[in-house]
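This report refers to the structure that appears directly beneath it.
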Amino acid sequence: METVKVLYILYLIAFNTASFIMMGIDKNAAIKGNYRIPERTLMALAAFGGSLGAITGMLVFRHKTKHKKFVIGVPLLLSLIHISEPTRH
C-alpha cells in the first residue's frame, strides 16, 4: 500500500508541475502573440490531478484569471480531487 501512496504523490507532483509550467508558457506566448496552448489542454492537466499547479500558475502569472471556466472550474477540480484522494485513509 505504501508504494501506491508514493506513486500517487509522484503522479500529483508531475501533473501539478506540468500545469504550473504550462500556465507560464501560455502567458508568455500570449504576451508575445505566439502560438497558444489550447484551453482544453490546460483544463485537462488540471482535471488529471494538476489543479493546484494550475491555480498557482494562474495567480503567479496572472493568467486566465478573468475566465470563469478557470476561476470556478479549476478550484472545483481541486476539491473533487481532494475528496476522491486514495491516500486519505
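None of the values given here were measured: they were computed from a predicted structure.
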To the nearest 0.5 Å, tell me how far M58 CE sits from T56 OG1.
10.0 Å
CG (N28) and CG (N34) are apart, to the nearest 0.5 Å, by 7.5 Å
Considering only residues two or more places apart or on different chains, which pairs with a residue in residues 20-40 satisfy ring pair (Phe, Tyr, Trp, His ring centres under 6.0 Å)?
F20-F61
Please name all residues satisfying ring pair (Phe, Tyr, Trp, His ring centres under 6.0 Å) with Y11, sequence neighbours left out, ordered by chain then number.
F15
Using modelled atom types and a 3.5 Å cut-off, is there a donor and acceptor pairing between side-chain atoms of N16 and backbone atoms of A54?
no
I'd like to know if the side chain of T41 reaches the main chain of I37, judged simply by a donor and an acceptor atom lying under 3.5 Å from each other, with no hydrogens or angles considered.
no
Flag the pair M23 / H63 as yes when at least one side-chain heavy-atom distance between them is below 4.5 Å, and no otherwise.
yes
Please name all residues satisfying salt bridge (charged side-chain N to carboxylate O under 4.0 Å, His left out) with R36, sequence neighbours left out, ordered by chain then number.
D26
Tell me the salt bridge (charged side-chain N to carboxylate O under 4.0 Å, His left out) pairs involving residues 44-59, sequence neighbours left out?
none
Using side-chain contact (heavy atoms from CB on, under 4.5 Å) as the criterion, list what pairs up with K66, not counting sequence neighbours.
none
Acceptor/donor pairs from residues 67-79 side chains to any protein atom, 3.5 angstrom cut, sequence neighbours excluded:
unit_1, atom_1, unit_2, atom_2, d
K69, NZ, E39, OE1, 3.0
S79, OG, P75, O, 3.2

Which atom names give the shortest non-hydrogen contact between G53 and S19, and what distance separates them?
C-CB, 4.0 Å
Minimal non-hydrogen separation, K64 against L42, with atom names:
CE-CD1, 4.0 Å
